[in-house]
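One structure is given below, encoded as structure tokens.
Residue numbers start from 1 in every chain, and the chains themselves are labelled A, B, ... in the order their sequence lines are given, proteins ahead of strands. Given the structure is predicted, the values throughout are model-derived calculations rather than measurements.
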Amino acid sequence: NAGVTQTPKFRILKIGQSMTLQCTQDMNHNYMYWYRQDPGMGLKLIYYSVGAGITDKGEVPNGYNVSRSTTEDFPLRLELAAPSQTSVYFCASSYGREKLFFGSGTQLSVL
Amino acid sequence: GNSVTQMEGPVTLSEEAFLTINCTYTATGYPSLFWYVQYPGEGLQLLLKATKADDKGSNKGFEATYRKETTSFHLEKGSVQVSDSAVYFCALRGTQGGSEKLVFGKGTKLTVNP
């Protein structure tokens, strides 16, 4: 059972480049989330989804976009990368609103 | 809005020492409270939870009691091990609108030395 799988694990972008962080889960969870973790700042919610076709903004959505075309996949899109988006990104999923299962993270640097 | 405040880290202990990590919260209604743990290089994992006042969550020797009168959910362990070295996050999920979202504290890094 793979759980929550994120790719890539590491990425370096130049300012203004675009990329998609991939997230897939095989637990048939309805809820999925994207968080960013900045040093000493805990986790901030970027976007979340309560089911296929439904997404909503979290605390820090600016500069990001998401889609949820299937139950399994929840990609996060950065359109014009900025240094402020340097962070570790975590995808998570849950059945209902209980226990969240996290992926192992994507470390992104924007230079 | 809902918020969680954790004690500042880092915390460094010797093996078999007693651990307390303080967590207090601000929320309306009756939130559910959680402790998550992040081991080096990994994502967060749920450690324990409590869903109503006076509930005690426990797992792997860790305990935390939901204290509504002091709005606290402190994490304790009687005897820590080197393998407990990690970052610990307190979190809450509210009962008002937007309760799908967990609110996390900033995390407390624990290092246990042999």
Examine [X] and [Y] and state if one hydrophobic cluster contains both, with Ile, Leu, Val, Met, Phe, Trp and Tyr joined whenever side-chain heavy atoms are less than 4.5 Å apart.
{"X": "B:V4", "Y": "B:Y88", "result": "yes"}
{"X": "B:L75", "Y": "B:L92", "result": "yes"}
{"X": "A:V50", "Y": "A:Y33", "result": "yes"}
{"X": "A:W34", "Y": "A:Y31", "result": "no"}
{"X": "A:Y89", "Y": "A:F101", "result": "no"}

Point to revise | Interchain contact, B:K109 with chain A, by part (heavy-atom threshold 4.5 Å) | key: neither
**Study point:** Which portion of B:Q38 sits near chain A, non-hydrogen atoms under 4.5 angstrom
**Key:** side chain
Check your understanding: Quick check: are there more than 12 heavy atoms from other residues, nucleotides or ligands sitting under 6.0 Å from NZ of B:K52?
Key -> no
Straight-line distance of [X] [atom1] to [Y] [atom2], nearest 0.5 Å:
{"X": "B:K106", "Y": "A:Q37", "atom1": "NZ", "atom2": "CD", "value": "13.0 Å"}
{"X": "A:L100", "Y": "B:Y36", "atom1": "CG", "atom2": "OH", "value": "4.5 Å"}
{"X": "B:F104", "Y": "A:Y35", "atom1": "CZ", "atom2": "OH", "value": "4.5 Å"}
{"X": "B:L102", "Y": "A:L45", "atom1": "CG", "atom2": "CG", "value": "9.0 Å"}

**Study point:** chain A interface, residue from B:V103, B:L44, B:L46 that has the most non-hydrogen pairs under 4.5 Å
**Key:** B:L44
